[in-house]
Number of protein chains: 2
Amino acid sequence: MFFSKSFGYALRSILYVVMVNETQPRVQIQEVAERLQIPKHFLGKIMKMLAKEKIIDSAKGPFGGFFVNDGTVSTPLLRLMELTDGLEQFQECSLRLKKCNADKPCPMHNRIVQNRNELITMFSSTTIGDLIRSDDKKFINSI
Amino acid sequence: MFFSKSFGYALRSILYVVMVNETQPRVQIQEVAERLQIPKHFLGKIMKMLAKEKIIDSAKGPFGGFFVNDGTVSTPLLRLMELTDGLEQFQECSLRLKKCNADKPCPMHNRIVQNRNELITMFSSTTIGDLIRSDDKKFINSI
DNA sequence: TGATAAAAGGATGCGGACATCTTTTATGGT
DNA sequence: ACCATAAAAGATGTCCGCATCCTTTTATCA
């Protein structure tokens, strides 16, 4: 439930790059894919997108790879979600009724909206950096 | 976000059958599909499944159709979710990590688990009947 | 300047959710 | 017995998330 594989892959690969960059200037797709058990070519697409969107930086050629930039650790999870899954899912009616809204709620609306808002708040206020600080350094074994 | 189309179709069609059954002994797929704007043949599969699982009853032939049974209104939403989407989604790690659990949580685990449990509680404790009582009788315009 | 390394980009394939259409089976009315 | 009706069942089709593979571009170094 909840998030696409792309979101999970994106989040975990960013976390990995941030961690490894503390001791190593570049990280290559190959390494990330092997370490995190993510299909290499698919991960390539995702990390390329993350670089294009300036969540991380990249360099081609020998000794190239991916690395953090000034904004990486302060990226909110909601921004990641926007890039991988889109934010519409947070807005639209859980029964996908076009007409459902706070004034004319469907039977599920008021049972869902609070829970959903809590999730949005968490995604807005939590950053990549928060996730890393949240855990000890054996952390890398859990991504 | 969150629920399959099948879940929405199933829930709405059950609500419709319960409502209409107050004044009419049988409801046909054709009517449900038109009224709720659901693809007819796809709805047929879903309602057939609901009948097989005894959430509602059905009768073939002239004057046949679908109708409520003794258990219909007391069906918890979680049971519906189980039938349409499965319950695994509520259990598995939001990053889909096999090893993630309360003892060795991934960075997202503790940020998700409470929110998710609230959702499970709501789905367990809310029944079809609750959804109908929750609204006034213009309700049918919102499904 | 040529060889090599690594990301960027494009083409293709697969499986499952969603959707459509046709055939079969059961049932009540004549 | 026969016919009309409506659900059950099955065959087929579409689209998208996910995945794989191949080619191109860019950078580094000898």
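Convention: sequence-line order gives letters A, B, ...; per-chain numbering from 1.
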Peer 1: Could you tell me the separation between the NZ atom of Lys40(A) and the P atom of dA5(C), rounded to a whole number of Å?
Peer 2: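 Roughly 13 Å, once rounded to whole Å.
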
Peer 1: Show every side-chain hydrogen bond (donor to acceptor under 3.5 Å, both in side chains) that has at least one partner inside residues 72-83 of chain A, sequence neighbours left out.
Peer 2: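 Every pair satisfying side-chain hydrogen bond (donor to acceptor under 3.5 Å, both in side chains) with a residue in residues 72-83 of chain A: Glu53(A)-Arg79(A), Asn69(A)-Thr72(A), Arg79(A)-Glu82(A).
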
Peer 1: Tell me whether the count of non-hydrogen atoms from other residues, nucleotides or ligands lying under 6.0 Å of CD in Gln114(A) goes above 12.
Peer 2: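 It does not: Gln114(A) CD has 12 such atoms or fewer within range.
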
Peer 1: Choose from dT22(C), dA7(D), dG9(C) the nucleotide whose nearest atom is closest to any side-chain atom of Gln28(B).
Peer 2: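 The listed nucleotide nearest to Gln28(B)'s side chain is dA7(D).
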
Peer 1: Just how far, in rounded Å, is P of dA27(D) from CG of Asp57(A)?
Peer 2: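 Computing the Asp57(A):CG to dA27(D):P distance gives 14 Å.
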
Peer 1: Could you give the CG-to-C1' distance, from Leu43(A) to dC21(D), as a whole number of Å?
Peer 2: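 Value for this atom pair: 16 Å.
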
Peer 1: Look at Ser6(A) and dC18(D) and indicate whether a side-chain polar atom (N or O) is within less than 4.0 Å of OP1 or OP2.
Peer 2: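 Yes, because at least one side-chain N or O of Ser6(A) sits under 4.0 Å from OP1 or OP2 of dC18(D).
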
Peer 1: May I have the distance from Leu50(B) (atom CG) to dA8(D) (atom P), rounded to whole angstrom?
Peer 2: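 Distance, rounded to whole Å: 10 Å.
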
Peer 1: Any base atoms under 4.0 Å from Tyr9(A), or only sugar-phosphate, or nothing? Heavy atoms, all strands.
Peer 2: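 Touches sugar-phosphate only.
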
Peer 1: Give Lys5(A) one of three labels, base, sugar-phosphate or nothing, depending on what nucleic acid heavy atoms sit under 4.0 Å from its own.
Peer 2: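 Sugar-phosphate: the residue Lys5(A), judged by heavy atoms under 4.0 Å, touches backbone atoms but no base.
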
Peer 1: Testing the basics here: between Phe67(A) and Asn21(A), what is the closest heavy-atom pair and its distance to 0.1 Å?
Peer 2: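 Of all heavy-atom pairs spanning Phe67(A) and Asn21(A), the closest is CA-OD1, 3.1 Å.
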
Peer 1: With a 4.0 Å cutoff (strictly under), does any side-chain N or O of Ser58(B) reach OP1 or OP2 of dA8(D)?
Peer 2: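 Yes, because at least one side-chain N or O of Ser58(B) sits under 4.0 Å from OP1 or OP2 of dA8(D).
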
Peer 1: Where the side chain of Arg96(B) meets the backbone of Glu92(B), is there a donor-acceptor pair that is under 3.5 Å apart?
Peer 2: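 Such a contact is absent between Arg96(B) side chain and Glu92(B) backbone.
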
Peer 1: Counting distance only, does the side-chain N/O of Ser13(A) pair as donor-acceptor with the main-chain N or O of Ala10(A) below 3.5 Å?
Peer 2: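 Yes, Ser13(A) side chain to Ala10(A) backbone: donor-acceptor pair under 3.5 Å.
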
Peer 1: Using the rule that Ile, Leu, Val, Met, Phe, Trp and Tyr join whenever any side-chain heavy atoms are under 4.5 Å apart, tell me whether Val68(B) and Phe63(B) fall into a single cluster.
Peer 2: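 No, separate clusters.
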
Peer 1: CD1 of Ile29(B) versus P of dA8(D): gap in Å, rounded?
Peer 2: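 In whole Å, dA8(D) P lies 7 Å from Ile29(B) CD1.
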
Peer 1: Would you mind reading off the distance between Gln24(B) atom CD and dA6(D) atom P, rounded to a whole angstrom?
Peer 2: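 In whole Å, dA6(D) P lies 12 Å from Gln24(B) CD.
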
Peer 1: Over how many whole Å does the gap from His41(A) atom NE2 to dA8(C) atom P extend?
Peer 2: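 The distance from NE2 of His41(A) to P of dA8(C) comes to 14 Å, rounded to the nearest Å.
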
Peer 1: Got a second to check how far Ile128(B)'s CD1 is from Ile14(B)'s CD1, nearest 0.5 Å?
Peer 2: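 Nearest 0.5 Å value for the CD1-CD1 distance: 4.5 Å.
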
Peer 1: Side chains of Asp130(A) and Val73(A): does their closest heavy-atom pair fall under 4.5 Å?
Peer 2: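 Side chain of Asp130(A) against side chain of Val73(A), heavy atoms only: no contact under 4.5 Å found.
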
Peer 1: Can you check each nucleotide of nucleotides 23-30 of chain C against protein heavy atoms at under 4.0 Å and return B for base, S for sugar-phosphate only, - for none, in 5' to 3' order?
Peer 2: --BBBBS-

Peer 1: Looking at Asp57(A), Thr84(A), Leu80(A), which one forms a side-chain contact (heavy atoms from CB on, under 4.5 Å) with Leu50(A)?
Peer 2: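 The single option meeting the side-chain contact (heavy atoms from CB on, under 4.5 Å) with Leu50(A) is Leu80(A).
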
Peer 1: Could you run down nucleotides 11-16 of chain D 5' to 3' and tag each one B, S or - for protein heavy-atom contact under 4.0 Å?
Peer 2: B-----

Peer 1: Send over the distance from Glu88(B) CD to dG16(C) P, rounded to a whole Å.
Peer 2: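 Answer to the nearest Å: 14 Å.
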
